[in-house]
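Heads up: the structure comes next, in structure tokens.
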There are 2 protein chains.
Amino acid sequence: MPLKNTGTEQLIKDTAKRILFAEGKLHATTQDIAEAAGVNRAALHYYFRTRDQLVACVFNESMLELSVRLGTVMASVRPFQEKIEELIAVFMKEMRAYPYQEIFLVTEINTAGVELVKDIDNMPVANFLNEIENEMSAGVIEKMNPKHFLMNLFSLLSYPFIMAPLYRQFFNLNHQDFDQLVAERKQLIYRMVFK
Amino acid sequence: MPLKNTGTEQLIKDTAKRILFAEGKLHATTQDIAEAAGVNRAALHYYFRTRDQLVACVFNESMLELSVRLGTVMASVRPFQEKIEELIAVFMKEMRAYPYQEIFLVTEINTAGVELVKDIDNMPVANFLNEIENEMSAGVIEKMNPKHFLMNLFSLLSYPFIMAPLYRQFFNLNHQDFDQLVAERKQLIYRMVFK
DNA sequence: TTTTTGTTAAACAAAAATGTTAAACAAAAA
DNA sequence: TTTTTGTTTAACATTTTTGTTTAACAAAAA
């Protein structure tokens, strides 16, 4: 609980997030993180006691952040199509910056055996599912289980970013060409969901 | 290079794949793997020298297997629509059994810094991209960059399996209900790509 | 100024994970 | 049978990673 706040605590968290979520190095040690942050490894202990607590902290913040991001976009008072547009923009930007954030969350859940995380507010999702269903009835989008609609959307948005290292292989593309390719997907996805 | 072959080597590899690809425990130690396989940890060293070599072996086999699976489906001599049907069936089955295989590959590439893996045969993919383009010209499927068509397909197929632990949270579903939901996707995806 | 508080680093200690060796055992070959 | 070969185990050694302690330092407060 530092009061003077030289930003070191935040720096460590941000660095951890960069290494884990952006670089996708899920096996990063405390050394790796401290080094990348330009601080002594003991500083890490000073702020977080243990590696597990640092990881737990990053996990919780990330989980909350994801929840808030979802909630904000879904609960915003705007026409449906604008909302979807917003959702695509927000999540694509996030995936570009932190492609492995959700992967980190899932592998943490798998290793730590966190079965059901409480305190997750599902109301925004539940309400949004209803809104989707209404749009389907109105004929704006294809009729299906609205959960599928959401899963489709997030799949199309997220997966190519995560698989980039493999897709560059299989498509024989360099970084620049691949980045250009995925940049095209913003419009493509929008057109896909509104058939 | 065992000649007697008691199946232990294969058992170790299979167990490693189960823990890494199926259970998604990407931090598994040699202890974890040996224990799960029911062998002494030294047996692991006997067959693979080091942990890194075991992981490298699993990585290479997995990479090859993925490449072969892709090639087989894509190069099969069948009508396009049947091919897609086959592709969906094959990859969904694989994702159900080993949801984290591609994630493992990607995170390994990220940590080991394997930039470009040589010896990957891209001809099947290249040919299939042409085939897709022809079908687009024929009006069977929506016109777009055929790479997007493939990325869309694999995204829709794969992502929900990987995100299962999170989606169960956000949708408030138990395992059984979620399994039923994703089972519906086989038909849904087929209908989606053929608009 | 001295004191307090927050912060950092260096050195050390403990634990965890990995790697090595040598010996025992079983089955096939000589 | 004895010998050889492949396999497995137990015990030990090393390395890596993590955690702890102490002291030093800087800035604000008294």
Side-chain angles (χ1 to χ4, degrees), chain A residues 1-21 23-62 100 104 107-108 110-114, chain B residues 1-21 23-62 100 104 107-108 110-114:
Chain A
M1 296 74 183
L3 287 181
K4 221 190 257 175
N5 191 10
T6 55
T8 305
E9 181 174 10
Q10 195 58 41
L11 172 69
I12 292 172
K13 277 198 287 196
D14 289 345
T15 306
K17 285 178 183 174
R18 198 188 74 223
I19 292 178
L20 295 169
F21 303 169
E23 300 178 13
K25 295 178 181 167
L26 302 184
H27 311 296
T29 65
T30 51
Q31 301 264 26
D32 297 333
I33 296 166
E35 205 165 291
V39 302
N40 191 294
R41 204 170 51 80
L44 235 141
H45 176 254
Y46 174 71
Y47 289 104
F48 301 97
R49 299 289 313 156
T50 69
R51 180 190 197 279
D52 280 359
Q53 274 184 260
L54 168 58
V55 172
C57 174
V58 166
F59 177 90
N60 290 329
E61 285 196 6
S62 166
Y100 304 102
F104 166 80
T107 55
E108 276 306 305
N110 285 335
T111 31
V114 182
Chain B
M1 295 76 182
L3 288 180
K4 224 190 255 177
N5 192 8
T6 55
T8 305
E9 182 175 9
Q10 194 58 42
L11 172 69
I12 292 172
K13 276 198 288 197
D14 289 346
T15 305
K17 286 178 184 174
R18 198 189 75 225
I19 292 178
L20 295 169
F21 303 169
E23 300 178 13
K25 295 176 181 168
L26 301 184
H27 311 295
T29 65
T30 51
Q31 301 265 26
D32 296 333
I33 296 167
E35 205 165 290
V39 302
N40 191 293
R41 205 170 49 80
L44 238 142
H45 175 254
Y46 175 71
Y47 289 104
F48 302 96
R49 294 302 304 161
T50 69
R51 181 190 197 279
D52 280 359
Q53 276 185 256
L54 168 59
V55 171
C57 174
V58 166
F59 177 90
N60 290 328
E61 284 195 8
S62 166
Y100 303 102
F104 166 81
T107 54
E108 277 304 307
N110 284 336
T111 30
V114 182

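Lettering of chains follows the sequences in order, A, B, ..., and the numbering in each one begins at 1. Everything quoted here is computed from the prediction, not taken from an experiment.
Spacing between atom CG of A/Asn40 and atom P of D/dG19 amounts to 14 Å, rounded to whole angstrom units. Regarding B/Ile33, its CD1 atom lies at a distance of 12 Å from the C1' atom of C/dA17, rounded to whole Å. Taking atom CZ of residue B/Phe48 and atom P of nucleotide D/dT7, one finds them 12 Å apart after rounding to whole Å. For the pair A/Gln31 CD and D/dT16 P, the computed distance is 11 Å after rounding to whole Å. We find that CD of B/Glu35 is positioned 16 Å from C1' of C/dT18, with the value rounded to whole Å. Between the C1' atom of C/dT8 and the CD1 atom of A/Ile12 lies a distance of 11 Å, rounded to the nearest Å. Look at CG on A/Leu54: it is 13 Å from C1' on D/dT18, rounded to the nearest Å. B/Arg49 has its CZ atom 16 Å from the P atom of C/dT18, to the nearest Å.
Among the protein residues, A/Ala43 comes within range of no part of the nucleic acid, since none of its heavy atoms lies under 4.0 Å from any strand.
Across all strands shown, D/dT16 forms a Watson-Crick or G-U wobble pair with C/dA15, both key distances being under 3.5 Å. Within the shown strands, C/dA23 is the pairing partner of D/dT8 under the Watson-Crick or G-U definition, both distances less than 3.5 Å.
For A/Arg51 against D/dT17, a side-chain-to-base donor-acceptor contact under 3.5 Å is absent. Side chain A/Arg41 to base D/dG19: a donor-acceptor pair is found below 3.5 Å.
Set against C/dA17, D/dT20, D/dT17, the side chain of B/Thr29 has C/dA17 as its closest nucleotide. Comparing atom distances between the A/His45 side chain and each of D/dA10, C/dT21, D/dT20 picks out D/dT20 as nearest. For A/Ala42, the side-chain atoms get nearest to C/dA9 when compared with the rest of C/dA9, C/dT18, D/dA10. With D/dT18, C/dT7, C/dT18 as the candidates, the nucleotide lying closest to the side chain of A/Tyr47 is C/dT7.
Under 4.0 angstrom from either OP1 or OP2 of D/dT7 there lies at least one side-chain N or O belonging to B/Tyr46. Regarding contacts with the backbone of C/dT8, a side-chain N or O of A/Thr8 is found under 4.0 angstrom from either OP1 or OP2.
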May I have the step-by-step check of side-chain contact (heavy atoms from CB on, under 4.5 Å) for B/Phe21 and B/Val58, ending in yes or no? CA-CA 10 Å; B/Phe21 303 169; B/Val58 166; 3.5 Å; yes
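Using a 4.5 Å cut-off on side-chain heavy atoms (C-beta onward), B/Asn110 and A/Glu23 make no contact. The closest side-chain heavy-atom distance from A/Phe104 to A/Val55 is below 4.5 Å.
Tested against A/Asp14, the residues A/Arg18, A/Gln10, A/Lys17 include a single side chain to side chain donor-acceptor pair (under 3.5 Å) partner, A/Gln10.
For the residue pair B/Asp32 / B/Thr29, a side-chain donor-acceptor distance below 3.5 Å is found, with atom types taken as modelled.
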